[in-house]
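What follows is one structure encoded as C-alpha cells, with my remarks underneath.
A, B, ... follow the sequence lines: proteins, then strands. Residue 1 opens every chain.
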There are 2 protein chains.
Amino acid sequence: MNLPIGELARRTGVKVPTIRFYEQIGLIAAPPRTEGNQRRYGKAEVDRLNFIRHARELGFEVDHIRELLAMSQEPQASCHQADSIAKAHLREVDRRIERLQALRVELSRMIDECGHGRICDCRIIEVLADHGQCSGEHVS
Amino acid sequence: MNLPIGELARRTGVKVPTIRFYEQIGLIAAPPRTEGNQRRYGKAEVDRLNFIRHARELGFEVDHIRELLAMSQEPQASCHQADSIAKAHLREVDRRIERLQALRVELSRMIDECGHGRICDCRIIEVLADHGQCSGEHVS
DNA sequence: TCTTGATCCTATAGTGGCTAGAGATTCTAG
DNA sequence: CTAGAATCTCTAGCCACTATAGGATCAAGA
C-alpha cells in the first residue's frame, strides 16, 4: 500500500483534484505525508473513496454521503436512517424523471412541428416566444 | 407600459434579481432608467423574458437561448439551426432520462433488499461499499 | 551521481445559473 | 410630508467540481 494520490485516483476512478477537494471539505481524512509533503494512502481510503464515488454516481448529495459514511462506521446501529435517505433520494429521482419526460414530450412535439423553413414559420421559435405572428416583427 | 422591474417580474415569473442578472450577462439589454436610476421596461422585454423563461423551463442552456433569441430576430433566415439546437437538446434530455432510470432501478433494488435491521446487514450501505463483510470492521 | 520527465504540491479563480444580504436611495399613496 | 414598499449597487455564497500557474518531489535510467 502507501499509494500516492495518482494511484488512488486510478484505483477509484476519482480524479486527483477531486480527491484533494474531498479532503478539503472533510469527506475523507487528511492522510499521512512523505518527507517531501506528498500524500500517501492505504486500503481504507480506497474503500472509502469507492463508496463515495458509487454514491455520487447514484446521485446522492455530499451531505447525504457524509451521513451514509458515518452510518457505515456503526455496523450495529439501525439502518432506518440509511433507508430513509435512500427513499427520499428515490423520490427525488422519480420527480426528476417525470419532469424530464414531460419536457421531452414538449420538445419533440416542437421539433416534429418544425417545417424546416424560415424562422418566422418555425414552431420551435414560436413555441418559445408563445405568440404566433409572422409578419416581420420579432420577439425581443 | 414603462414597467418597474417588480412588475416585469410579476408578469413573466422571472424573479427580480434574476432579471438583473440576465441584464448583467447580456441576455437582455439594459433598459432606460428613471431620473432616480430605476429600470423601466416595455412590452418587448416582457416578450423576451417570457421567451427566456420558457426556454429555461425546457432546460435550454443560457448560451443556446442566446442563439435562439438571435434567430428569432431574423425571421427570414432558415430555422435549420434552431432545429439542430432543439434536437441536440432532446438527445441530451433522452440521455438524462436513461441515466436516471438506470439509477432508479439500482436505487429501488437497494431499498427493497434492505432488511431494516442493523447497518451491517443493510444492502444500502453494502451496495455502496461494494464489499459484503459484516464482522465488525467498517468502510473507511 | 546526475538528469529527465512524470507526478505531486499549494493557492486561486472559474464554471452555471442563480440567490441572499447589506445598506442606501427612490417611488407612491395617504 | 411621511411612511413603507420597492428599488438600487455591490459583494458573497451555493454545489461539486475543474483549471491554471508556478513550483517541488519522486523514481528510473545513464
Side-chain angles (χ1 to χ4, degrees), chain A residues 1-28 30-42 45 48-49 51-69 88-89 92-93 96 99 103, chain B residues 1-28 30-41 45 48-49 51-69 85 88-89 92-93 96 99 103:
Chain A
M1 282 301 156
N2 233 12
L3 314 167
I5 197 167
E7 181 58 21
L8 180 62
R10 211 186 51 71
R11 293 198 190 190
T12 60
V14 179
K15 287 175 192 158
V16 169
T18 305
I19 295 174
R20 288 198 276 247
F21 169 72
Y22 284 164
E23 179 182 324
Q24 196 185 310
I25 64 172
L27 204 51
I28 59 176
R33 305 275 183 131
T34 63
E35 283 196 5
N37 200 34
Q38 299 196 354
R39 293 168 179 84
R40 288 297 179 268
Y41 297 93
E45 276 74 32
R48 193 171 172 99
L49 260 189
F51 186 105
I52 293 168
R53 182 184 49 79
H54 202 165
R56 286 293 302 138
E57 281 168 4
L58 285 170
F60 286 98
E61 288 168 20
V62 165
D63 276 355
H64 287 153
I65 295 176
R66 237 185 267 274
E67 296 181 56
L68 291 167
L69 279 165
H89 183 51
E92 176 59 30
V93 167
R96 273 191 239 166
R99 282 203 57 233
L103 198 149
Chain B
M1 283 301 156
N2 233 12
L3 314 166
I5 196 167
E7 181 59 21
L8 179 62
R10 211 187 52 71
R11 294 198 190 190
T12 59
V14 179
K15 287 174 192 157
V16 169
T18 305
I19 295 174
R20 289 197 277 247
F21 169 74
Y22 284 164
E23 179 182 323
Q24 195 186 312
I25 64 172
L27 204 52
I28 59 176
R33 305 275 185 133
T34 62
E35 284 195 3
N37 199 33
Q38 300 197 352
R39 294 167 178 84
R40 287 298 179 267
Y41 297 92
E45 276 73 33
R48 192 171 173 98
L49 260 190
F51 186 106
I52 293 168
R53 182 184 49 78
H54 202 165
R56 285 294 300 137
E57 281 168 4
L58 286 171
F60 286 98
E61 289 167 19
V62 165
D63 277 354
H64 287 153
I65 295 175
R66 239 184 266 274
E67 295 181 58
L68 291 168
L69 278 165
I85 288 177
H89 183 51
E92 175 60 30
V93 167
R96 272 190 239 168
R99 282 203 57 232
L103 197 149

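- For B:Arg53, the side chain to side chain contact (heavy atoms under 4.5 Å, CB included) test picks out B:Val14, B:Asn50, B:Glu57, with sequence neighbours left out.
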Produce the list of close N/O pairs, under 3.5 Å, pairing protein atoms with atoms of nucleotides 2-5 of chain C; give distances to one decimal.
none

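- Taking A:Arg56 as the reference, A:Tyr22, A:Ile52, A:Val62, A:Ile65 meet the side chain to side chain contact (heavy atoms under 4.5 Å, CB included) condition, with sequence neighbours excluded.
- Counting heavy atoms from C-beta outward, A:Phe51 and A:Leu68 have side chains that approach closer than 4.5 Å.
- As rounded to whole Å, 13 Å separates atom P of C:dT7 from atom CD1 of A:Ile5.
- Within the 4.0 angstrom heavy-atom criterion, no nucleotide atom of any strand lies near B:Arg10.
- No side-chain heavy atom of B:Pro4 sits less than 4.5 Å from a side-chain heavy atom of B:Arg39.
- A pairwise comparison of heavy atoms in B:Pro31 and B:Tyr41 identifies CG-CE2, 3.4 Å as the closest pair.
- Along DNA chain D, the nucleotide closest to A:Phe60 and the one closest to B:Gln24 are compared, and the more 5′ of them pairs with B:Gln24.
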Reading 5' to 3' through nucleotides 18-28 of chain C, protein heavy-atom contacts under 4.0 Å coded B for base, S for sugar-phosphate only, - for none: BS------SS-
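- At a threshold of 4.0 angstrom between heavy atoms, the contacts of B:Arg20 include nucleobase atoms, whether or not backbone atoms are also involved.
- As a whole-Å value, the separation of B:Ile25 CD1 from C:dG14 P is 16 Å.
- When side chains are defined from C-beta on, B:Ile28 does not count as touching B:Glu45, because their heavy atoms never get closer than 4.5 Å.
- Rounded to whole angstrom, the span from the CZ atom of A:Arg33 across to the C1' atom of C:dC9 amounts to 8 Å.
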Residues B:Leu69, B:Leu27; criterion side-chain contact (heavy atoms from CB on, under 4.5 Å); working and verdict: CA-CA 9 Å; B:Leu69 278 165; B:Leu27 204 52; 4.3 Å; yes
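- Taking the charged nitrogens against the carboxylate oxygens, B:Arg66 and B:Glu61 have no contact shorter than 4.0 Å, which rules out a salt bridge.
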B:His89 vs B:Phe60, side-chain contact (heavy atoms from CB on, under 4.5 Å): CA-CA, chis, key distance, verdict: CA-CA 7 Å; B:His89 183 51; B:Phe60 286 98; 3.7 Å; yes
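- The stretch residues 8-21 of chain A participates, sequence neighbours left out, in these side chain to side chain donor-acceptor pair (under 3.5 Å) pairs: A:Glu7-A:Arg10, A:Glu7-A:Arg11.
- Protein chain A contacts DNA chain D over a range whose 5' and 3' limits, counting nucleotides with an atom under 4.0 angstrom from a non-hydrogen atom, are D:dA16 to D:dC26.
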